[in-house]
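Accompanying notes for the structure given below.
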Amino acid sequence: MTTPSNPAPLRLGIAGLGTVGAGVIKIIERTNELLAARAGRPLEIVAVSARSRDKDRGVDLSPYGWEDDPVALAKRDDIDIFVELMGGSDGPAKAATEAALARGIHVVTANKAMLAHHGQALAETAEKTGASLRFEAAVAGGIPVVKALTEGLAGNRITRVMGVMNGTCNYILTRMESAGLPYDQVFDEANKLGYLEADPTLDVGGIDAGHKLSLLAAIGFGTQVAFDQMQLEGIERISIDDINQAADMGYRIKLLGVAQRTENGIEQRMMPCLVPATSPLGQLENATNMVVIEGDSVGQIVLRGAGAGEGPTASAVLGDIIDIARGIRLPAFGQPIARLEKAVAAQSAAPAPYYLRTALEDKPGALAKVATVLGEAGVSINRMRQYGHDSDAAPVLIVTHPCSRSAIDAALAALPATGVVAVDPVALRIEEV
Ligand code: NAP
Ligand code: HSE
C-alpha cells in the first residue's frame, strides 16, 4: 500500500538503450537509494525498448519488461514517464513522444533534432494534456543550461546566448591545432573514437549545434523554436592553414553559436569564428562545451562541462526525471505556449572584422582586383599577406577592418567576376568575445 512513508514508485519506460539509455539504467541501478531520497519516491524501470533485444549493453535487462515497438511502450498504462533516447527528428522517436504526450504521460528526451523541428507542436500537445516535456540532455550534455535559463535566470530579460555546443567539432578543431593535422585526418580519428553522429554532417555541418542553440533561443527570448531561421555554416572548409593563421594572430577557430536580440528581431547563427585564444571560449579544449548567457540583471554567466558521453548525458536525463518526481511542472519552453512569439529573423548590424582566406592566380594585378572589389563593397583591408607557394595559385590572407556581414557577402559575390580567384574564399567572423 502507498503511504507517505512508502510512496508509490515513479514508473519509467525507456526507449533507446544506446550510449545514453544504458547510461541512465546504470545510474538508476547504481544509486537508486540516493535518487529515491532526492525524488521523494523510488524510481522503477518498468519496461524498455530498442531495436535489438539480444545486444549486450553492459546492463542486465532481465528485470524489465520489453517492447519491440517504442510506440507500444509509450502507450503502456503502467508508466508515468516515457524516456525517449532513440534519436532522429522524425520516425519512432516522434511517433512515440507524441503518443505519450497525447495520453498525458510525461516525456524526458535528449533528442535535440526532434525538438528543433517539432518542439513547438510537441509542447502544444504537452500543454493540452498536462504532461511535462523535459529536455535538459538535449543541449550541451551534462551542463544544466536548460534549467539555468528556464529557472535560475527566469528573473532576467535575456539579451544573448552563445557558446560552443558541439563537442565533436571542438575536438576536431583543437586536435588539428595541437597535432598540426589536416581536417580529413582528424575527422577520421574522431570517427574511430565514436564521436561522430550516425550522419556526420549533423556535427561538422553545424546542424546539431544549431538545433541546440535554437532551443536555448526559444527559452531565452520567449519565442517559438525557429531552427529554420538559423544561419548555419559548418567546419568542413576549415584548413590547417586557417588554424595556423588564426593562431599566429592570437586567435582560435571555434564553431560558435550566437543568439541575440537585435532591434529588428532575433539573430541566430552557428558558424566557425575566430575568438581570442586567451578568452574562456578560446581556451576550450577537446569535446568540452561552453555556454555563455547574458541577462539584463545577472550580467554574464558562463557554464562549462562535458557536452556529450554516457555519464554526463544520463546525468541530465536523471535531473529531469527527478524534477518530475518532485512534482515540478514547467512549460517546455519556460512560458505557456500562447505567450511564445513567432521569432522574426534578423541580422545584427554590429560590424565585426573578418578573416578571408583564398588563393589567387599568380599574375600581375590580381591582388589589386581583389582589393578593388572589397573597397567597392565597403570592406576596408586591415592586413593582407601573400604566402610563398609552389603552384600557380598564390595563397592570400586578408583581415578586414570591422564591417557588416552584408558587405562581406557582397564582396564574396563579386569576387568570381575578377577572374583571378583560384580557390573559393573562406570568410570567418572575428568575434571579440
Ligand atoms: P545510440 O547509442 O545510437 O542509441 C540509440 C538507441 O536507440 C539504440 O539502443 C537503438 O537500438 C535505439 N533505437 C533506434 N531506433 C530505434 C527504433 N526504431 N526502435 C527502437 N529502438 C530504436 O544513441 P545515443 O548516443 O544514446 O543518443 C540517444 C539520444 O540522445 C539522441 O537523440 C542523441 O542525439 C541524444 N544525445 C546523445 C548524446 C551522446 O553523448 N551520445 C549527448 C546528448 C544527446 P539498438 O541498440 O538495438 O540499435
Ligand atoms: N554529436 C554531439 C556532439 C553529441 O558532438 O556534441 C552531443 O549532443
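First listed ligand is number 1; within each ligand, the first listed atom is number 1.
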Item checked: Residue Thr168 vicinity, atoms of ligand 2 by number, heavy atom under 4.0 Å -> 1 (N), 3 (C), 5 (O)
Note to self: When you compare ligand 1 with Asp68, is there at least one nitrogen or oxygen pair between them that comes in under 3.5 angstrom?
What the structure shows: no
Next item on the list: Provide the number and element of each atom of ligand 1 under 4.0 Å from a heavy atom of Val20.
Entry: 24 (P), 26 (O), 27 (O), 30 (O), 37 (C), 38 (C), 39 (C), 41 (N)
Next item on the list: Using a 4.0 Å heavy-atom threshold (strictly under), name the region of Ala308 that reaches ligand 1: side chain, backbone, both or neither.
Entry: both
Notebook entry, point to check: Roughly how far, to the nearest 0.5 Å, is CZ of Arg269 from CD of Gln347?
Noted result: 8.5 Å
Check: Atom CE in Met176, atom CD1 in Ile235: separation rounded to 0.5 Å?
Finding: 7.5 Å
Notebook entry, point to check: Is the shortest side-chain N to carboxylate O distance from Arg103 to Asp77 below 4.0 Å?
Noted result: yes
Item checked: Residue Glu197 vicinity, atoms of ligand 2 by number, heavy atom under 4.0 Å -> 1 (N), 2 (C), 4 (C)
Checklist line | Under 3.5 Å: N/O of Ser52 near N/O of ligand 1 | finding: yes
Check: Do NZ/NE/NH1/NH2 and the carboxylate oxygens of Lys128 and Glu124 come within less than 4.0 Å?
Finding: no
Margin query: Heavy-atom distances under 4.0 Å decide this one: backbone, side chain, both or neither, for Ala137 against ligand 1?
Written below: backbone
Checklist line | Sub-3.5 Å N/O-N/O distance, Gly16 and ligand 1 | finding: no
Item checked: Numbered atoms and elements of ligand 2 in range of Asn166, under 4.0 angstrom, heavy atoms -> 1 (N), 2 (C), 3 (C), 5 (O), 6 (O)
Check: Do NZ/NE/NH1/NH2 and the carboxylate oxygens of Lys26 and Glu310 come within less than 4.0 Å?
Finding: yes
Next item on the list: For atom 32 (O) of ligand 1, grab the closest protein heavy atom and report residue, atom and distance to one decimal in Å.
Entry: Gly87 CA, 3.2 Å
Margin query: Using the rule given for side-chain contact (heavy atoms from CB on, under 4.5 Å), can you reason through Tyr64 versus Val46, listing the C-alpha separation, both sets of side-chain angles and the distance that settles it, and then say yes or no?
Written below: CA-CA 6 Å; Tyr64 317 130; Val46 170; over 6 Å; no
Margin query: Do the side chains of Asp296 and Arg261 get close enough for a salt bridge, i.e. N-O under 4.0 angstrom?
Written below: no
Notebook entry, point to check: Roughly how far, to the nearest 0.5 Å, is OH of Tyr354 from SG of Cys273?
Noted result: 8.0 Å
Notebook entry, point to check: Is the shortest distance from a heavy atom of Ala138 to ligand 1 less than 4.0 Å?
Noted result: no
Notebook entry, point to check: Which is it for Pro70 and ligand 1 at heavy atoms under 4.0 Å: side chain, backbone, both or neither?
Noted result: side chain
Margin query: Side chain or backbone, does Gly21 bring an N or O within less than 3.5 Å of an N or O on ligand 1?
Written below: no
Notebook entry, point to check: Can a donor-acceptor pair be found between the side chains of Gln185 and Glu189 at a distance below 3.5 Å?
Noted result: no
Check: atom 18 (N) of ligand 1: which protein heavy atom is closest, and how many Å away?
Finding: Pro92 CG, 3.1 Å
Next item on the list: Could you tell me which atoms of ligand 1, counted from 1 in the order shown, lie closer than 4.0 angstrom to a heavy atom of Leu85?
Entry: 5 (C), 6 (C), 7 (O), 28 (C)
Checklist line | atom 6 (O) of ligand 2 [closest protein heavy-atom partner, distance rounded to 0.1 Å] | finding: Gly167 N, 2.8 Å
Next item on the list: Please examine the side chains of Val145 and Glu136, heavy atoms only from C-beta on, and report whether any two atoms are closer than 4.5 Å.
Entry: yes
Note to self: Quiz question: by atom type and distance under 3.5 Å, do the side chains of Asp60 and Ser62 form a donor-acceptor pair?
What the structure shows: yes
Check: Looking only at protein heavy atoms, which one is nearest to atom 13 (N) of ligand 1, and how far off is it?
Finding: Met86 CG, 3.9 Å
Note to self: When you compare the side chain of Arg357 with that of Ser239, does any pair of heavy atoms fall below 4.5 Å?
What the structure shows: yes
Check: Does Lys112 have a non-hydrogen atom less than 4.0 Å from ligand 1?
Finding: yes
Checklist line | Salt-bridge contact Asp208-Lys112 (side-chain N to carboxylate O under 4.0 Å) | finding: yes
Checklist line | Between Asp199 and Thr201, a side-chain donor and acceptor under 3.5 Å | finding: yes
Margin query: For atom 8 (O) of ligand 2, what is the closest protein heavy atom, and at what distance to 0.1 Å?
Written below: Lys112 NZ, 2.6 Å
Margin query: Please tell me if atom 23 (O) of ligand 1 is touched by the protein, where touching means a protein heavy-atom distance below 4.0 Å.
Written below: no
Margin query: Tell me whether the rings of His117 and Phe227 are parallel (<30°), tilted (30 to 60°) or perpendicular (>60°).
Written below: perpendicular
Check: Could any protein non-hydrogen atom be found less than 4.0 Å from atom 40 (O) of ligand 1?
Finding: yes
Check: Looking at Asp424 and Arg237, does any basic side-chain N land under 4.0 Å from a carboxylate oxygen?
Finding: no
Check: So which bit of Thr313 gets within less than 4.0 Å of ligand 1, heavy atoms only: side chain, backbone, both or neither?
Finding: side chain
Notebook entry, point to check: Which bit of Lys55 is near ligand 1, meaning a heavy atom under 4.0 Å away: side chain, backbone, both or neither?
Noted result: side chain
Check: Hey, is ligand 1 close enough to Gly141 that some N/O pair sits below 3.5 Å?
Finding: no
Next item on the list: Decide yes or no for Ile158 and Ile219: does some side-chain heavy atom of the first lie under 4.5 Å from some side-chain heavy atom of the second?
Entry: no
Checklist line | Identity and distance of the protein heavy atom lying nearest atom 16 (C) of ligand 1 | finding: Arg51 CG, 3.6 Å
Note to self: Show the atoms of ligand 2 that are less than 4.0 angstrom away from any heavy atom in Asp203.
What the structure shows: 1 (N), 2 (C), 3 (C), 5 (O)
Next item on the list: Scan Glu294, Glu267, Met162 and name whichever one has a side chain to side chain contact (heavy atoms under 4.5 Å, CB included) with Gln260.
Entry: Glu267
Checklist line | Sub-4.5 Å side-chain heavy-atom contact between Leu43 and Leu318 | finding: yes
Check: Asp208 heavy atoms, cut-off 4.0 Å: which ligand 2 atoms fall inside?
Finding: 2 (C)
Notebook entry, point to check: Nearest protein heavy-atom contact for atom 1 (P) of ligand 1: which residue, which atom, what distance?
Noted result: Gly18 CA, 4.0 Å
Note to self: Just checking Arg326: does its CZ atom have more than 12 heavy atoms from other residues, nucleotides or ligands closer to it than 6.0 angstrom?
What the structure shows: yes
Margin query: Using a 4.0 Å cutoff against the non-hydrogen atoms of Gly307, which atoms of ligand 2 qualify?
Written below: 7 (C)
Check: Among protein heavy atoms, which lies nearest atom 30 (O) of ligand 1, and at what distance?
Finding: Ala110 CB, 3.3 Å
Margin query: Under 3.5 Å between any N/O of Tyr195 and any N/O of ligand 2: does that happen in this structure?
Written below: no
Notebook entry, point to check: Is there a nitrogen or oxygen of Arg57 sitting under 3.5 Å from a nitrogen or oxygen of ligand 1?
Noted result: yes
Notebook entry, point to check: For ligand 2, which atoms, with element, lie under 4.0 Å from some heavy atom of Ala308?
Noted result: 4 (C), 7 (C)
Check: Which residue owns the protein heavy atom closest to atom 20 (C) of ligand 1, what's the atom, and how far is it?
Finding: Ala50 C, 3.5 Å
Checklist line | Nearest-neighbour protein heavy atom for atom 2 (O) of ligand 1, which is reported as residue plus atom name and distance | finding: Thr19 N, 3.0 Å
